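Written out below as structure tokens is the structure these notes cover.
The structure presented is a predicted model; accordingly, all values stated were derived computationally and were not measured.
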Amino acid sequence: MSAPRARKGVPHMENNLTYIQNGDYLIPDLHLSELPEKPLGKYGRMRKAYLKQHRPILYNQLLMTEKLYPHLLEIDETANRRLEQMMSQLAEAAGATEALKAADPMQWVGLLNTCKAQAEEILLAELINS
């Protein structure tokens, strides 16, 4: 194969790919870099689904540049840290104390579930669906 000649005004793009012969076809020999084995959590998977459905160009760009998994992992870790911070603040503001837990466990669980729903709604708006 000879290298294509550059036309005037058109920059020459160098092809540094290697190819594998498969029958009559030359197939690019592409390799992905190794990714860590840490699985994605709930918020990383939610971010991936959002990107795939609502931001397909960004999703494909991150996927092709091998930045998708690190991005999803960062979103997941950030969301979990923020959830812990918000839960303690919201639980304190709602009055979900240890005394309430001992006196009325069902009300305490109800308050914590409400706090978690509020915190997750904030996370969805700020981190996942943005």
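Tyr59 is listed as a side-chain neighbour of Lys48, based on a closest heavy-atom distance under 4.5 Å. Between Leu26 and Gln21, some side-chain heavy-atom pair lies under the 4.5 Å cut-off. Side-chain contact between His54 and Asn129: absent, with no pair of heavy atoms (C-beta onward) separated by less than 4.5 Å. Contact annotation: the side chain of Leu124 approaches that of Met46 to within less than 4.5 Å [non-hydrogen atoms, C-beta and beyond]. Under the 4.5 Å side-chain criterion, counting only non-hydrogen atoms from C-beta, Met86 is not in contact with Lys116. A 4.5 Å side-chain heavy-atom check between Leu51 and Leu68 finds at least one atom pair inside the cut-off.
Residue Leu73 comes nearest to Pro39 through the heavy atom pair CD1-O, 4.5 Å, listed as atom of the first residue, atom of the second, then distance. The minimum heavy-atom distance between Ala94 and Cys115, with the atom names listed, is CB-SG, 3.9 Å. In plain terms, the two heavy atoms of Leu100 and Gly95 that are nearest each other are CD2-O, 3.5 Å. Taking each heavy atom of Ala119 and Leu83 in turn, the nearest pair found is CB-CD1, 3.6 Å. Here the closest non-hydrogen pair linking Ile128 and Tyr50 is O-CD2, 3.4 Å.
To the nearest 0.5 angstrom, Leu72 atom CG is 14.0 Å from Lys67 atom NZ. Rounded to the nearest 0.5 angstrom, Asp29 CG and Thr18 OG1 are separated by 4.0 Å. In this structure, the separation between CG on Leu127 and CD1 on Ile75 is 5.0 Å, given to the nearest 0.5 Å. The structure places NE2 of His71 at 11.0 Å from OG1 of Thr65, a figure rounded to the nearest 0.5 Å. Atom CZ of residue Arg47 and atom CZ of residue Arg55 lie 7.0 Å apart, to the nearest 0.5 angstrom. Interatomic distance, Leu123 CG to Lys42 NZ, rounded to the nearest 0.5 Å: 9.5 Å.
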Side chain to side chain contact (heavy atoms under 4.5 Å, CB included), that's the test. Do Lys101 and Thr97 meet it? Break it down for me.
CA-CA 6 Å; Lys101 182 179 179 180; Thr97 61; over 6 Å; no
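Around CD1 of Ile57, the count of heavy atoms belonging to other residues, nucleotides or ligands within 6.0 Å does not exceed 12.
Checked against salt bridge (Lys or Arg N to Asp or Glu O under 4.0 Å), Glu92 has no partners two or more places apart in sequence or in another chain.
In summary, of the residues considered (Glu120, Arg82, Glu77), a side chain to side chain donor-acceptor pair (under 3.5 Å) with Tyr43 occurs for Glu120 alone.
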